[in-house]
Amino acid sequence: MKKIPFYLIIILFLSACGKKSAFTLKGHISGLTSDTILVFYQLPIQQLDTIIAEKGKFTYTITPDTFTLFSLIMNNGQTLPIYADKGEKVALSGEIDQLQIKGTGENERQAQIMRQLNNTPDNGRRLVEAVDSLIKAHPQSYTNIYLIDKYYVQDSLPDYSHIDQLIKGLSGVIKDTPYMIDLQNKLSEQKELADHRYIPNISCTDRNGKTVSWNSVKGKYVLLDFWASWNKESIAAQDSLVSVQKALKKEKFAIISLSLDLDKKEWLEKTLQRDTTQWKQVCDFKGWDNSVVKQQGIIRLPANILIGPDKKVIAQDIRGKELTDKVKQLIEQDKKKEKAAKEAERAQKRQNKK
């Protein structure tokens with residue numbers, strides 16, 4: 001019987017160990033319009049890599065020294081986190097916007113969460129309650145990084161206080177990740193900026209030569225929409241506001257479309273041709289030199305700003321159902337505050353009579 005050389009035994013041993021410690025991701029994704037998938041590593045260090053898929057199929061193998069978190073960034077902008085640990089295997093399959101995940105540990109939990117949230121009505125409040133419940137139930141889970149980023153940080157109207165409370169409830173291991181540390185620093189900066197961003201005055205002329213100012217929309221939430229007759233994208237964005245106006249017609253809400261046109265005739269023609277005459281259309285014919293445009297740093301069209309009754313900027317570039325839901329949410333919050341204030345006032349009066 002021949003003896004196997006010692007160095008071959010070492011090679012075979014190391015090879016076997018390498019296979020046991022490797023992490024493998026296999027995918028078969030339909031709907032990819034590009035064969036390149038970007039890989040963004042977040043833990044233990046931040047770095048980039050790429051996956052080349054052939055007809056939607058790929059195998060991606062790494063040998064992680066420790067627990068590793070990376071995200072796949074698809075060509076449609078969708079981001080999907082993957083959790084890599086030694087010896088684990090994960091499989092992705094399905095359409096690009098409805099991927100199914102098969103794996104263990106955090107990947108299995110991620111799959112369960114996606115299924116649960118997909119079955120939750122996307123009506124704003126119920127979805128948020130479901131996400132909150134998932135985060136609080138598993139404070140030590142790395143999946144919370146994905147949940148907080150997708151459902152709170154990327155919101156056009158981030159609730160900084162709520163995000164802060166969610167982060168405080170997480171385990172130290174999650175809070176100490178580079179993403180969470182960076183997020184907390186950014187939230188602090190953005191909250192400070194948001195607390196000091198106001199539009200103190202607006203004064204422009206409508207089609208009839210009447211001046212439109214804050215007094216005409218007092219006590220309302222105002223969407224200040226920036227557009228121009230020479231910009232097709234902004235015209236389309238403005239047309240989409242028709243459904244928003246109808247949905248919020250009975251609410252304390254108003255739209256002011258501020259045109260960056262320089263030619264009065266072109267502006268009048270465009271506003272009269274379409275269904276957007278049902279809200280305020282104004283223009284000072286100064287184009288990009290308009291005082292509000294310069295003050296708010298508007299550098300491209302289309303653009304819009306949602307402003308509260310206190311003239312404070314609430315959100316920017318918010319549209320469609322998201323805009324409608326946010327305005328309704330804000331108005332509902334105001335009603336609750338007014339009700340609580342009245343109850344407190346009545347309670348104080350009763351106390352004074354005693």
Side-chain angles (χ1 to χ4, degrees), residues 22-64 66-120 122 127-128 130-135 137-138 140-156 158 163 166-167 170 173-174 177-180 182-183 322:
F23 168 84
T24 303
L25 171 66
K26 288 190 175 183
H28 187 184
I29 304 174
S30 302
L32 288 173
T33 57
S34 171
D35 60 359
T36 302
I37 300 172
L38 186 64
V39 182
F40 173 52
Y41 281 83
Q42 294 152 285
L43 284 175
I45 59 173
Q46 293 187 350
Q47 61 183 17
L48 291 174
D49 198 2
T50 55
I51 293 175
I52 304 299
E54 293 185 10
K55 296 182 179 180
K57 295 182 179 181
F58 64 86
T59 299
Y60 185 65
T61 302
I62 61 173
T63 306
T66 184
F67 182 83
T68 300
L69 167 60
F70 61 84
S71 294
L72 302 182
I73 304 176
M74 314 292 180
N75 54 275
N76 67 343
Q78 181 182 349
T79 299
L80 181 69
I82 300 294
Y83 309 92
D85 213 344
K86 296 178 180 179
E88 288 191 356
K89 295 180 180 180
V90 175
L92 300 178
S93 62
E95 293 290 332
I96 188 171
D97 55 351
Q98 291 183 332
L99 288 174
Q100 295 182 350
I101 305 173
K102 290 185 179 180
T104 57
E106 286 287 345
N107 294 293
E108 182 180 20
R109 179 165 184 264
Q110 170 93 359
Q112 292 173 350
I113 286 173
M114 290 175 68
R115 286 194 296 269
Q116 185 171 339
L117 294 179
N118 286 336
N119 293 326
T120 301
D122 187 7
L127 185 61
V128 168
V131 176
D132 273 13
S133 178
L134 289 166
I135 292 173
H138 303 277
Q140 75 288 347
S141 173
Y142 285 91
T143 309
N144 292 328
I145 296 175
Y146 164 73
L147 293 175
I148 289 175
D149 180 71
K150 179 175 181 179
Y151 293 98
Y152 300 97
V153 176
Q154 295 183 34
D155 196 306
S156 61
I163 295 173
L166 289 174
I167 293 175
L170 301 177
V173 175
I174 308 301
T177 59
Y179 172 83
M180 281 298 176
D182 187 49
L183 172 60
E322 186 180 16

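Nothing fancy with the numbering, it's 1 onward along the sequence.
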What is the minimum heavy-atom distance between S71 and P81, and which atoms define it? OG-CA, 3.8 Å

One pair to check against side-chain contact (heavy atoms from CB on, under 4.5 Å): M180 and L170. What are the steps and the verdict? CA-CA 10 Å; M180 281 298 176; L170 301 177; 3.7 Å; yes

Measuring only between side-chain heavy atoms, which start at C-beta, is Y152 closer than 4.5 Å to I167? no

Would you say I62 and Y41 make side-chain contact, with heavy atoms under 4.5 Å? yes

Please report the closest heavy-atom contact between K86 and P64, naming both atoms and the distance. CE-O, 3.2 Å

When rounded to the nearest 0.5 Å, the distance separating CD of Q98 from OG of S93 is 11.5 Å

Roughly how far apart are F58 CZ and T36 OG1, rounded to 0.5 Å? 12.0 Å

How far does NZ of K55 sit from OG of S30, to the nearest 0.5 angstrom? 13.0 Å

Do Y179 and V153 have side-chain heavy atoms sitting under 4.5 Å apart? yes

Would you check if I101 and L80 make a side-chain contact, meaning some heavy-atom pair closer than 4.5 Å? yes

Could you check if a side-chain atom of L25 sits within less than 4.5 angstrom of a side-chain atom of F70, using non-hydrogen atoms only? yes

Evaluate whether atom CD of Q47 has more than 12 neighbouring non-hydrogen atoms of other residues, nucleotides or ligands under 6.0 angstrom away. yes

Interatomic spacing from OH in Y60 to CD1 in I37 - rounded to 0.5 Å: 11.0 Å

Any donor and acceptor pair, going by atom type alone, linking the side chain of T33 with main-chain N or O of G31 inside 3.5 Å? no

Rounded to the nearest 0.5 Å, what separation is found between the CD1 atom of I148 and the CG atom of D132? 9.5 Å

Side-chain contact test, heavy atoms from C-beta onward, threshold under 4.5 Å: evaluate it for K150 versus V131 and give yes or no. no

On a heavy-atom basis, the closest approach of L32 and G56 is CD1-CA, 4.1 Å

Looking at N118 and M114, would you say the former's side chain and the latter's main chain have a donor-acceptor pair under 3.5 Å? yes

For a 4.5 angstrom cut-off between non-hydrogen side-chain atoms, does M74 reach I29? yes

Are the side chain of N144 and the backbone of Q140 linked by a donor-acceptor contact shorter than 3.5 Å? no

Please lay out, stage by stage, how T50 and L38 fare under the test side-chain contact (heavy atoms from CB on, under 4.5 Å). CA-CA 5 Å; T50 55; L38 186 64; 4.2 Å; yes

For Q100, does the CD atom have more than 12 heavy-atom neighbours from other residues, nucleotides or ligands under 6.0 Å away? no

Are side-chain heavy atoms of V90 and F23 found at a separation under 4.5 Å? yes

On a heavy-atom basis, the closest approach of L134 and R109 is O-NH2, 3.1 Å

So which atom in T68 and which in P44 form the shortest heavy-atom distance, rounded to 0.1 Å? OG1-CD, 3.8 Å

Residues Q42 and T177: side-chain donor-acceptor under 3.5 angstrom: no

Output for pair (L92 CG, K102 NZ), nearest 0.5 Å, gives 11.5 Å

Does the side chain of Q110 pick up a donor-acceptor pair with the side chain of Y83 at under 3.5 Å? yes

